[in-house]
**Q** 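Encoded as structure tokens, here's the structure I'll be asking about.
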Amino acid sequence: MPQLGFGVFQVSDAEAEAAVTTALRSGYRSVDTASAYQNEEGTGRALRESGIPREELFVTTKLWNDAQGYDDALRAFDASMSRLGLEYLDLYLIHWPTPSRGLYLDTWRAFEKLKADGRVRSIGVSNFTVETLRRLLDETDVVPVVNQIELHPYFQQAGLRAFHREHGIRTEAWAPLGQGRGLLDDPALTALGRAHGRTPAQIALRWHVQIGNVVIPKSVTPSRIAENIDVFGFELSPDDMKAIGDLDKGVRLGPDPATFNVTG
Ligand SMILES: NC(=O)C1=CN([C@@H]2O[C@H](COP(=O)(O)OP(=O)(O)OC[C@H]3O[C@@H](n4cnc5c(N)ncnc54)[C@H](OP(=O)(O)O)[C@@H]3O)[C@@H](O)[C@H]2O)C=CC1
Ligand SMILES: O=C(O)C(=O)[C@@H](O)[C@H](O)C(=O)CO
């Protein structure tokens with residue numbers, strides 16, 4: 001799985017085709033969509049029409065909450081694949097555990113079947129907490145390859161990352177740029193940007209890369225799409241990393257996965 005991919009949350013189906021095409025031309029080979037984003041068709045068109053061999057692409061989609069449960073999950077997978085127009089998927093994620101509904105273990109068993117049948121190369125989860133991960137590890141067979149969670153310099157999730165390390169689960173950061181809301185104006189990031197001749201977004205993404213996160217920044221702006229993947233030609237020093245480490249506020253932008261049980 002490439003460490004840096006392209007996210008398409010809040011991108012319309014028509015915009016997704018153009019944005020993914022731009023991203024692929026800028027060098028991205030990994031794309032993160034979801035049934036809930038309603039842009040699997042546009043994303044799939046861009047992937048299929050890129051001319052890039054399928055084996056060089058890494059495609060992730062996610063099962064929405066309303067399709068949890070064994071049979072519903074198998075059906076939802078087929079529907080996503082038909083929208084994407086792909087023969088196989090690289091990574092399928094349970095989007096949220098929705099713990100009070102008690103369906104994520106059966107959902108995971110359906111994911112295990114999809115993997116055993118070769119329909120998907122890898123299976124993972126998103127927005128799982130230590131508690132929901134522990135149950136998954138205790139009561140099912142396959143360890144999720146990744147947990148995709150909200151993670152950025154203002155919400156660093158040290159405890160969950162340590163749990164992932166202990167269990168061989170890769171941490172994937174959503175909202176790696178803090179959804180462009182405030183984080184990119186932070187004085188520490190702008191100062192580091194000036195010192196390295198980089199933008200605050202590149203500093204944030206480089207920090208993710210250096211702590212080992214998989215990152216999937218989203219943009220519909222061609223110059224930013226190119227800027228966000230150009231983070232492998234410089235390095236942050238231990239002092240730089242500490243300055244960003246000190247920014248953690250422990251405050252989420254998105255919903256709390258322990259209580260987020262919506263199906264709509
Ligand atoms: N599993 C889950 O529950 C979730 C998963 N995700 C995934 O993670 C991906 C990334 O997270 P997302 O919430 O989109 O937020 P990001 O942290 O990627 O931020 C995206 C915002 O930042 C702006 N932006 C992007 N690049 C730059 C730049 N270089 N300089 C300044 N502003 C920039 C974008 O604007 P513009 O587009 O106008 O350029 C957009 O408004 C999603 O697209 C999705 O794939 C996201 C949320 C939840
Ligand atoms: O973007 C995603 O992948 C999400 O799951 C979130 O947008 C989530 O649905 C949310 O933020 C609801 O308020």
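FYI, side chains are in, hydrogens and waters are out, and symmetry mates aren't considered; it's all heavy atoms of this structure. We're numbering straight along the sequence, starting at 1. Both counts, for ligands and for their atoms, begin at 1 and track the order of listing.
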**Q** Which atoms of ligand 1 are found less than 4.0 Å from any heavy atom of His95?
**A**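 Taking each heavy atom of His95 in turn, ligand 1 has 1 (N), 2 (C), 3 (O) under 4.0 Å.
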**Q** Tell me whether Lys249 forms a cation-pi arrangement with Tyr154, defined as NZ or CZ under 6.0 Å from the six-membered ring centre and within 45 degrees of its axis.
**A**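 Ring-cation test returns yes.
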**Q** To which of Leu184, Thr60, Ile225, Ile216 does the heavy atom nearest atom 8 (O) of ligand 1 belong?
**A**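 That would be Ile216.
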**Q** In ligand 1, which numbered atoms sit nearer than 4.0 Å to a non-hydrogen atom of Gln148?
**A**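 The atoms of ligand 1 under 4.0 Å from a heavy atom of Gln148 are 1 (N), 2 (C), 4 (C), 5 (C), 6 (N), 7 (C).
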**Q** Is the backbone N or O of Asp185 less than 3.5 Å from a side-chain atom of Thr190, with the two atoms forming a donor-acceptor pair by type?
**A**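 Checking the backbone N and O of Asp185 against the side chain of Thr190, no donor-acceptor pair under 3.5 Å is found.
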**Q** Which ligand 1 atoms does Gly180 reach within 4.0 Å, using its non-hydrogen atoms?
**A**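 Close to Gly180: 19 (O), 21 (C), 22 (O).
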**Q** Work out whether the distance between some heavy atom of Pro255 and some atom of ligand 2 is less than 4.0 Å.
**A**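 For ligand 2, residue contact (heavy atoms, under 4.0 Å) with Pro255 is present.
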**Q** Name the closest protein heavy atom to atom 47 (C) of ligand 1, giving the residue it belongs to and the distance to 0.1 Å.
**A**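 Result for atom 47 (C) of ligand 1: Trp174 CE3, 3.1 Å.
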**Q** Between Lys113 and Tyr70, does any side-chain donor sit less than 3.5 Å from a side-chain acceptor?
**A**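 Judged by distance alone, the side chains do not pair up.
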**Q** Which residue and atom name correspond to the protein heavy atom nearest atom 40 (C) of ligand 1, and how close is it?
**A**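 So the nearest neighbour among protein heavy atoms is Lys218 NZ, 3.8 Å.
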**Q** Does only the side chain of Ser219 get under 4.0 Å from ligand 1, or the backbone, or both, or neither? Count heavy atoms.
**A**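 Both backbone and side chain of Ser219 come within 4.0 Å of ligand 1.
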**Q** Out of all atoms in ligand 1, which are within 4.0 Å of some heavy atom of Asp32? Include the element for each.
**A**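 Within the 4.0 Å cut-off of Asp32, ligand 1 contributes 7 (C), 44 (C), 45 (O).
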**Q** Which ligand 1 atoms does Pro217 reach within 4.0 Å, using its non-hydrogen atoms?
**A**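 Those atoms are 18 (O).
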**Q** Could you check whether any heavy atom of Trp96 sits closer than 4.0 Å to an atom of ligand 1, since that is the contact criterion I want to use?
**A**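 Yes, Trp96 has a heavy atom closer than 4.0 Å to ligand 1.
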**Q** Supply the atom-to-atom distance Leu114 CG to Tyr88 OH, rounded to the nearest 0.5 angstrom.
**A**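 Rounded to the nearest 0.5 Å, the CG-OH separation comes to 15.5 Å.
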**Q** Tyr28 and Asn228: side-chain donor and acceptor closer than 3.5 Å?
**A**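 Result is no, nothing qualifies.
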**Q** Ignoring hydrogens and geometry beyond distance, is a side-chain donor-acceptor pair present between Thr33 and Glu40 at under 3.5 Å?
**A**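 No, no side-chain donor-acceptor pair sits under 3.5 Å.
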**Q** Heavy-atom pairs closer than 4.0 Å: do any link ligand 1 to the side chain of Pro176, the backbone, both, or neither?
**A**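 For Pro176, the contact with ligand 1 is made by both the backbone and the side chain.
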**Q** Contact between ligand 1 and Thr199 is defined here as a heavy atom of the residue under 4.0 Å from a ligand atom; is it met?
**A**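 Per 4.0 Å heavy-atom rule, Thr199 does not contact ligand 1.
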**Q** Between Arg101 and Thr98, do the side chains contain an N or O donor and an N or O acceptor separated by less than 3.5 Å?
**A**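 Arg101 vs Thr98: donor-acceptor pair found between side chains.
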**Q** Check whether any side-chain N or O of Arg83 sits under 3.5 Å from a backbone N or O of Glu41 as a donor-acceptor pair, and report yes or no.
**A**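 No, because the side chain of Arg83 does not come within donor-acceptor range (under 3.5 Å) of the backbone of Glu41.
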**Q** Compare Trp96, Tyr37, Trp64 and give the one whose heavy atom is closest to atom 3 (O) of ligand 2.
**A**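 Closest candidate by heavy-atom distance is Tyr37.
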**Q** What verdict does the side chain to side chain contact (heavy atoms under 4.5 Å, CB included) test give for Phe111 and Val125, after you've listed the backbone C-alpha separation in whole Å, the side-chain angles of each residue and the deciding distance to 0.1 Å?
**A** CA-CA 10 Å; Phe111 274 44; Val125 295; over 6 Å; no
**Q** Is a donor from one side chain sitting under 3.5 angstrom from an acceptor on the other, for Asn213 and Trp207?
**A**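 The answer is no; no qualifying pair exists.
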**Q** Would you say Val220 and ligand 1 have an N/O pair spaced under 3.5 Å apart?
**A**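 In this structure, Val220 places an N or O atom under 3.5 Å from an N or O of ligand 1.
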**Q** With heavy-atom distances below 4.0 Å as the criterion, list the atoms of ligand 1 near Ala201.
**A**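 Matching atoms, with element in brackets: 28 (C), 29 (N), 30 (N).
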**Q** Looking at ligand 2, is there an atom of it that comes within less than 4.0 Å of some heavy atom belonging to Phe260?
**A**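 Phe260 counts as a contact of ligand 2 under the 4.0 Å cut-off.
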**Q** Looking only at heavy atoms, what is the nearest atom pair of Val8 and Thr43, with distance?
**A**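 Distance-wise, the nearest heavy atoms are CG2-OG1, 4.1 Å.
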**Q** Do me a favour and list the nearest non-hydrogen protein atom to atom 3 (O) of ligand 1 with residue, atom name and distance?
**A**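 Looking only at protein heavy atoms, the one closest to atom 3 (O) of ligand 1 is Asn127 ND2, 2.8 Å.
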**Q** For atom 11 (O) of ligand 1, which protein heavy atom lies nearest, and how many Å away is it?
**A**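 Of every protein heavy atom, Ala175 N, 3.1 Å lies nearest to atom 11 (O) of ligand 1.
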**Q** Is Ala173 in polar range of ligand 1, meaning some N or O pair under 3.5 Å apart?
**A**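 Checking ligand 1 against Ala173, no N or O pair falls under 3.5 Å apart.
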**Q** Using a 4.0 Å cutoff against the non-hydrogen atoms of Glu227, which atoms of ligand 1 qualify?
**A**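 The list of qualifying atoms is 28 (C), 29 (N).
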**Q** Would you mind telling me if ligand 2 is within reach of the side chain of Gln10, the backbone, both or neither, using heavy atoms under 4.0 Å?
**A**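 Neither; no heavy atom under 4.0 Å.
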**Q** What do you reckon, does Lys62 have a nitrogen or oxygen under 3.5 Å from a nitrogen or oxygen of ligand 1?
**A**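 No; the residue has no nitrogen or oxygen that sits under 3.5 Å from a nitrogen or oxygen of the ligand.
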**Q** Has the side chain of Thr221 got a donor or acceptor atom that lies under 3.5 Å from a matching backbone atom of Ser223?
**A**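 Not at all, since once roles are kept as given, no pair shorter than 3.5 Å links the two residues.
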**Q** Report the nearest protein non-hydrogen atom to atom 30 (N) of ligand 1: residue, atom name, distance rounded to 0.1 Å.
**A**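 Among all protein heavy atoms, the one nearest atom 30 (N) of ligand 1 is Arg224 NE, 3.6 Å.
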**Q** Which atom names give the shortest non-hydrogen contact between Gly124 and Pro144, and what distance separates them?
**A**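 That closest heavy-atom pairing would be CA-CB, 3.9 Å.
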**Q** Between the side chains of Asn39 and Glu17, is a donor N or O closer than 3.5 angstrom to an acceptor N or O?
**A**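 No donor-acceptor contact under 3.5 Å links the two side chains.
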**Q** If you count the atoms of ligand 1 from 1 in the order shown, which ones are under 4.0 Å from a heavy atom of Gly178?
**A**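 Under 4.0 Å from Gly178, ligand 1 has these atoms: 17 (O).
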**Q** Is it the case that the side chains of Ser100 and Asn261 hold a donor-acceptor pair, with the cut-off being a distance below 3.5 Å and no angle test?
**A**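 Asn261 vs Ser100: donor-acceptor pair found between side chains.
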**Q** We want to know whether Gln210 and Arg206 form a side-chain donor-acceptor pair, criterion being a heavy-atom distance below 3.5 angstrom.
**A**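 Judged by distance alone, the side chains do pair up.
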**Q** For atom 4 (C) of ligand 2, which protein heavy atom lies nearest, and how many Å away is it?
**A**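 Scanning the protein heavy atoms, the shortest distance from atom 4 (C) of ligand 2 goes to His95 NE2, 3.5 Å.
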**Q** Any side-chain heavy atom of His152 within less than 4.5 Å of one from Leu177?
**A**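 SC-SC contact between His152 and Leu177 ruled out.
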**Q** Examine the side chains of His164 and Glu166 and answer whether a donor and an acceptor come within less than 3.5 Å of each other.
**A**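 The criterion, which ignores hydrogens and geometry beyond distance, is not satisfied for Glu166 and His164.
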**Q** For ligand 2, which is the ligand I care about here, please tell me if Lys62 has any N or O atom under 3.5 Å from one of the ligand's N or O atoms.
**A**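 Between Lys62 and ligand 2, no N or O pair is found under 3.5 Å apart.
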**Q** Nearest protein heavy-atom contact for atom 44 (C) of ligand 1: which residue, which atom, what distance?
**A**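 Ranked first by proximity to atom 44 (C) of ligand 1 is Tyr37 OH, 3.4 Å.
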**Q** Do Phe9 and ligand 1 have an N or O pair less than 3.5 Å apart?
**A**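 Yes, at least one N or O pair falls under 3.5 Å.
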**Q** With a 4.0 Å cut-off on heavy atoms, is Gly254 in contact with ligand 1?
**A**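 Gly254: no contact with ligand 1 (<4.0 Å).
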**Q** To check your reading of the model: name the closest protein heavy atom to atom 26 (N) of ligand 1, its residue, and the distance in Å.
**A**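 Protein heavy atom with the smallest distance to atom 26 (N) of ligand 1: Asn228 ND2, 3.0 Å.
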**Q** Could you check atom 19 (O) of ligand 1 against the protein and tell me its nearest heavy-atom contact, residue, atom and distance included?
**A**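 Of the protein heavy atoms, Gln179 CA, 3.2 Å lies nearest.
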**Q** By number and element, which atoms of ligand 2 are closer than 4.0 Å to a non-hydrogen atom of Phe9?
**A**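 Here the atoms of ligand 2 in question are 1 (O), 7 (O).
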**Q** Establish, from distance only, whether the side-chain atoms of His95 and Ser126 form a donor-acceptor pair under 3.5 Å.
**A**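 Result is no, nothing qualifies.
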